[in-house]
Amino acid sequence: MTDKLDKVPGGPSAAAAPVSKATTVAPETIKAIPVRHYGRWISGVVVIALLVALVYAFSQGNIQWQAVQDKLFDDTVLAGAGRTLMISVLAMVLGVILGVVLAVMRLSRNPVTSWVAWLYIWFFRGTPVYVQLLLWFNLALIFPVLNIPFIYKDEMTDVMTPFMCALLGLALNEAAYMAEIVRAGIQSVDEGQTEASHALGMTQAKTMRRVVLPQALRVIIPPTGNEFINMLKTSSLVYAVTYNELLRSTSQIGSTSYAVMEMLFVASIWYIVMTSVFSVGQYYLERRYARGSLRSLPLTPFQRIKVNLASFSNRPSGGVSA
C-alpha cells in the first residue's frame with residue numbers, strides 16, 4: 001500500500017513553513033509619464049498665430065465697428081430678421097407637408113402617382129433655387145391673368161407678391177429634398193411592421209399613419225433639422241424677388257449710410273445667432289428621438305462639462321497605484 005502523495009508544492013516542509021508578515025512588500029507607486037506630443041503643440045501655436053493675425057488684420061482695416069454696434073438692434077434690421085424667420089418657418093412647414101405627400105406617392109404601387117412624384121423631385125432638385133425664385137417672380141410674363149373658372153380671377157402681378165414668390169420658391173424646392181428624406185425614413189422601417197399591421201386588419205393609409213411614420217421619425221428628424229438651418233441661410237436668396245428680409249434690410253441701410261461692409265457684418269451676426277439657437281434645439285430633438293435606438297443617451301454638453309470638472313477635482317495628486 002502506497003503512501004498518499006503530497007500535492008503541496010515544495011513538500012511538507014514548505015506547506016508547514018509559516019509566512020512571515022515582515023516579508024510582505026508593498027507595491028511601489030507607478031509614476032506614469034505621459035507621452036509628449038510636440039506636433040500638437042506646434043500645430044496649436046500655428047493656429048493661434050493665424051487667428052491672432054486675422055483678428056489684427058480686421059482691427060486695422062477700414063471698418064467702422066461702432067456702426068456695427070449701433071445698427072445691430074436697429075428696428076429695420078430686427079424687422080428683417082423677423083421676416084427671415086417667418087418665411088423660413090412657413091416654407092419649411094409647407095415643404096415638410098408636401099414632402100411627406102410626395103414620398104408616399106413615390107412609394108405607391110400606382111405607376112402614375114409614382115412617376116409624377118419622381119418627375120417633381122427630378123425638376124426641383126435639378127434647378128437652382130435662385131432660378132426658381134425668378135421664375136415665380138416673372139410668371140406674369142407668361143400668364144398675365146390668373147383665372148380659375150368660377151373661383152378666382154386677378155392680375156398675376158397682384159397675386160405674385162414678393163412674399164408669395166419667396167414662399168413658393170423656397171417651399172416647393174424644399175419639398176423635393178424632404179420627399180427623399182421622408183422616403184429614406186419610411187424605407188428604414190422593417191417590412192414586418194407593415195405585414196403585422198395588415199394582419200391586424202389595418203388599411204394601407206392607417207398603417208402608414210399609425211405604424212410606419214412614427215417609427216420613421218427617428219431617421220427623418222436629424223436631416224430635417226439640418227434642412228431648416230439651411231433654409232435660414234437660403235432665405236437670403238429671396239433678395240432677388242424684392243422681399244424685405246434680413247439681407248435686403250441691411251443692404252438698404254448700407255446703401256444709404258455708405259456702410260456696406262458693416263451692414264453685411266450685421267446680417268452675418270444675425271444669421272449666426274439664429275442658426276446657433278436652432279442648432280441647439282436640433283441637438284436636443286435628435287437626442288429625444290434616439291431614446292428607442294440607444295442603450296444609453298449621449299451626455300449633453302452641460303453634463304460633459306460637469307463630468308470633466310468632477311474627474312479633474314477627484315484626480316489624485318500622486319502617481320497611479322498598481
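Given the structure is predicted, the values throughout are model-derived calculations rather than measurements.
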Atom [atom1] of [X] and atom [atom2] of [Y]: how far apart are they, to the nearest 0.5 Å?
{"X": "L247", "Y": "M263", "atom1": "CG", "atom2": "CE", "result": "10.5 Å"}
{"X": "Q132", "Y": "T127", "atom1": "CD", "atom2": "OG1", "result": "3.5 Å"}
{"X": "S255", "Y": "Q252", "atom1": "OG", "atom2": "CD", "result": "6.5 Å"}
{"X": "L170", "Y": "L133", "atom1": "CG", "atom2": "CG", "result": "5.5 Å"}
{"X": "E174", "Y": "M92", "atom1": "CD", "atom2": "CE", "result": "4.0 Å"}
{"X": "L232", "Y": "I272", "atom1": "CG", "atom2": "CD1", "result": "12.5 Å"}

Check the hydrophobic clustering (I, L, V, M, F, W, Y; side-chain heavy atoms under 4.5 Å; chains of links allowed) and say if [X] and [Y] are grouped together.
{"X": "L54", "Y": "F265", "answer": "yes"}
{"X": "W65", "Y": "V266", "answer": "yes"}
{"X": "W118", "Y": "Y120", "answer": "yes"}
{"X": "W136", "Y": "L90", "answer": "no"}
{"X": "V55", "Y": "I63", "answer": "no"}

- Are V241 and F163 close enough, and set up right, to give a side chain to side chain contact (heavy atoms under 4.5 Å, CB included), and what steps lead you there? CA-CA 8 Å; V241 297; F163 172 79; over 6 Å; no

- Anything under 30° is parallel, anything over 60° is perpendicular, the rest tilted; go ahead and classify F278 against F228.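 F278 and F228: perpendicular rings.
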
Tell me which one of [options] satisfies side-chain contact (heavy atoms from CB on, under 4.5 Å) with [X].
{"X": "V129", "options": "L134, L237, L172", "result": "L237"}
{"X": "R248", "options": "I253, T242, V238, T84", "result": "T242"}
{"X": "V47", "options": "L51, V45, L50", "result": "L51"}

Are any of the side-chain heavy atoms of [X] and [Y] separated by less than 4.5 Å?
{"X": "S249", "Y": "V77", "result": "no"}
{"X": "H198", "Y": "Q204", "result": "yes"}
{"X": "M178", "Y": "L98", "result": "no"}
{"X": "Q64", "Y": "V68", "result": "no"}

Specify the closest pair of heavy atoms between [X] and [Y], including all atoms of both residues, with the distance to one decimal.
{"X": "L102", "Y": "A175", "answer": "CD1-O, 4.0 Å"}
{"X": "T76", "Y": "D74", "answer": "N-OD2, 3.0 Å"}
{"X": "R125", "Y": "A176", "answer": "CG-CB, 3.8 Å"}
{"X": "I229", "Y": "S279", "answer": "CD1-OG, 3.3 Å"}
{"X": "N226", "Y": "Q282", "answer": "N-NE2, 3.5 Å"}
{"X": "M156", "Y": "F143", "answer": "CB-O, 3.1 Å"}

Taking atom [atom1] of [X] as the centre, report whether more than 12 heavy atoms of other residues, nucleotides or ligands fall under 6.0 Å from it.
{"X": "Y271", "atom1": "OH", "answer": "yes"}
{"X": "R210", "atom1": "CZ", "answer": "no"}
{"X": "Y152", "atom1": "OH", "answer": "yes"}

- Query: Does T250 use its side chain to pair, donor to acceptor, with the backbone of L246 at less than 3.5 Å?
  - Reply: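 Here the side-chain-to-backbone pair exists.
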
- Task: Check whether any side-chain N or O of S114 sits under 3.5 Å from a backbone N or O of L107 as a donor-acceptor pair, and report yes or no.
- Result: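 No, because the side chain of S114 does not come within donor-acceptor range (under 3.5 Å) of the backbone of L107.
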
- Task: Go through the steps to decide whether N110 and W115 satisfy the test side chain to side chain contact (heavy atoms under 4.5 Å, CB included), and finish with yes or no.
- Result: CA-CA 9 Å; N110 188 332; W115 182 82; over 6 Å; no

- Partner set under side-chain contact (heavy atoms from CB on, under 4.5 Å) for L94, not counting sequence neighbours: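 Testing L94 for side-chain contact (heavy atoms from CB on, under 4.5 Å), a comparison that skips the adjacent residues, returns L167, A171.
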
- For M164, enumerate each residue passing the side-chain contact (heavy atoms from CB on, under 4.5 Å) test, keeping only those at least two apart in sequence or located in another chain.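 Partners of M164 by the side-chain contact (heavy atoms from CB on, under 4.5 Å) criterion, ordered by chain and then number, come out as M160, T161, L168.
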
- Check the pair E245, S235 against side chain to side chain donor-acceptor pair (under 3.5 Å), reporting the backbone distance first and the verdict last. CA-CA 8 Å; E245 41 75 54; S235 64; 5.1 Å; no

- Query: Which is it for V145 and K153 under the side chain to side chain contact (heavy atoms under 4.5 Å, CB included) test, yes or no, and what are the steps along the way?
  - Reply: CA-CA 7 Å; V145 178; K153 183 178 181 180; 4.0 Å; yes

Pairs of donor and acceptor atoms involving the side chains of residues 183-196, under 3.5 Å and at least two apart or interchain, shall be tabulated with distances.
residue, atom, partner, partner atom, Å
R183, NE, E180, OE2, 3.4
R183, NH2, E180, OE1, 2.8
S188, OG, G185, O, 2.5
D190, OD2, G192, N, 2.8
Q193, OE1, Q215, NE2, 3.2

- Message: Between I121 and Y177, is the side chain to side chain contact (heavy atoms under 4.5 Å, CB included) condition met? List the steps.
- Response: CA-CA 8 Å; I121 296 170; Y177 291 93; over 6 Å; no

